[in-house]
Amino acid sequence: MVSPASSRTGLIVNHLAPHSYHTMEGKSLADKVAIVSGSSSGIGAAIIRELSSRGANTVVNYPFPHLKEEAQSLVGSLPSPSIAVEADMSLATSPQKLVDTAVSKWSRIDIVVNCVALAVNKPFESQTLEDWDLLVNTNGRSTFLLTQGSLPHLTRGCGRIVNIVSISGRGPPPNQTIYAGTKGMVDSFTKCW
């Protein structure tokens, strides 16, 4: 007789069953150091919460001074050590600021999540060079610079880089010419690296 666990149905049920990602010590990412760009709200904040719940020390990135309270509130709600860093990712110096903060506080980087993104949704003929510069610099260049700046500090053999892209990079809706292009750029970066 075949046991349910070894049957095809049993294997599927076992695969779909909730699993604990925690180690015997309690957290699968205990003492790992993670930088997540664009992480004071939205998808980035959700990623920070998940990493922290698994024990990672995290760098929360917020872009402007008026968002400091939001970022500090997130940091205060996390179960593991975290720090909020103001860094407008459209600026060329900001990715290195995140790297320097993480290395100064924890001496290494284990995880980099390139999550920051902006979109300008308007007809192509209405999009401007300013829109282009803002989106390309924020969505594309910051990914390039944060990844490159992190490499010397990334834990050898087990460090991870995660790039968040969008379905718009492969099947863009109308009015997302520049945004879709930047997400396609990051998708291509990921395939090259």
Side-chain angles (χ1 to χ4, degrees), residues 28-52 54-68 70-72 74-75 78 80-119 130-166 169 178-193:
S28 61
L29 297 177
D31 298 320
K32 299 289 184 183
V33 177
I35 297 173
V36 181
S37 67
S39 53
S40 63
S41 64
I43 294 169
I47 293 169
I48 284 284
R49 285 186 193 96
E50 182 64 24
L51 292 170
S52 182
R54 295 176 187 228
N57 303 322
T58 55
V59 175
V60 174
N61 167 228
Y62 66 99
F64 308 115
H66 72 273
L67 296 173
K68 182 176 184 175
E70 175 184 65
Q72 293 291 4
L74 175 60
V75 166
L78 298 172
S80 63
S82 183
I83 187 167
V85 179
E86 180 189 333
D88 176 353
M89 298 303 280
S90 71
L91 303 176
T93 56
S94 290
Q96 191 62 48
K97 185 175 181 183
L98 298 181
V99 170
D100 292 345
T101 300
V103 171
S104 174
K105 184 148 181 76
W106 291 294
S107 303
R108 71 178 194 286
I109 300 168
D110 300 293
I111 302 164
V112 175
V113 181
N114 289 296
C115 185
V116 70
L118 291 176
E130 289 79 21
D131 296 333
W132 173 271
D133 288 343
L134 179 63
L135 270 62
V136 169
N137 292 342
T138 302
N139 302 352
R141 183 180 69 187
S142 73
T143 296
F144 171 77
L145 292 174
L146 182 55
T147 302
Q148 196 172 58
S150 297
L151 288 177
H153 310 285
L154 201 61
T155 308
R156 299 282 179 224
C158 62
R160 298 290 183 259
I161 299 169
V162 177
N163 294 328
I164 305 299
V165 296
S166 168
I178 302 170
Y179 174 78
T182 64
K183 287 313 201 171
M185 180 189 305
V186 173
D187 191 30
S188 292
F189 286 171
T190 306
K191 292 172 184 172
C192 290
W193 298 339

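FYI, the numbering just counts along the sequence from 1.
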Is any side-chain N of the basic residue among Lys183 and Asp187 closer than 4.0 Å to the acidic one's carboxylate O? no
Nearest heavy-atom pair of [X] and [Y]: which atoms, and what distance?
{"X": "Asn61", "Y": "Gly38", "result": "OD1-N, 2.8 Å"}
{"X": "Ile109", "Y": "Ser150", "result": "CD1-OG, 4.0 Å"}
{"X": "Gly140", "Y": "Phe189", "result": "O-CE1, 3.6 Å"}
{"X": "Ala119", "Y": "Leu135", "result": "CA-CD2, 4.0 Å"}
{"X": "Glu70", "Y": "Ser40", "result": "OE1-OG, 3.5 Å"}
{"X": "Ser90", "Y": "Thr138", "result": "CB-OG1, 3.1 Å"}

For the residue pair [X] and [Y], establish whether any side-chain heavy-atom pair is separated by less than 4.5 Å.
{"X": "Leu118", "Y": "Asn139", "result": "yes"}
{"X": "Leu29", "Y": "Leu51", "result": "yes"}
{"X": "Glu86", "Y": "Leu67", "result": "no"}
{"X": "Val162", "Y": "Ile47", "result": "no"}

All N/O donor-acceptor pairs, side-chain side in residues 99-107, below 3.5 Å, sequence neighbours left out:
unit_1: Asp100; atom_1: OD1; unit_2: Gln96; atom_2: NE2; d: 2.8
unit_1: Thr101; atom_1: OG1; unit_2: Lys97; atom_2: O; d: 2.8

Is the number of heavy atoms from other residues, nucleotides or ligands under 6.0 Å of Leu91 CG greater than 12? yes
Sequence-distant partners of [X], side chain to side chain contact (heavy atoms under 4.5 Å, CB included), two or more places apart:
{"X": "Lys68", "value": "Tyr62, Gln72"}
{"X": "Cys158", "value": "Lys32, Thr155"}
{"X": "Ser142", "value": "Met89, Pro95, Val116"}
{"X": "Thr147", "value": "Asn114, Thr143, Ile161, Asn163, Trp193"}

Out of curiosity, Arg141 CZ to Gln148 CD, how far, rounded to the nearest 0.5 Å? 12.5 Å
Atom OG in Ser37, atom CG in Leu98: separation rounded to 0.5 Å? 7.5 Å
Side chain to side chain contact (heavy atoms under 4.5 Å, CB included) between Leu78 and Leu74, worked out: CA-CA 7 Å; Leu78 298 172; Leu74 175 60; 4.2 Å; yes
Within the distance-only criterion (no hydrogens, no angle test), does the side chain of Ser82 pair as donor or acceptor with the backbone N or O of Thr58 below 3.5 angstrom? yes
Would you confirm whether Ser52, through its side chain, and Ser80, through its main-chain N or O, come within 3.5 Å as a donor-acceptor pair? yes
Tell me, please, which residues at least two apart from Arg108 pass salt bridge (Lys or Arg N to Asp or Glu O under 4.0 Å). Asp110
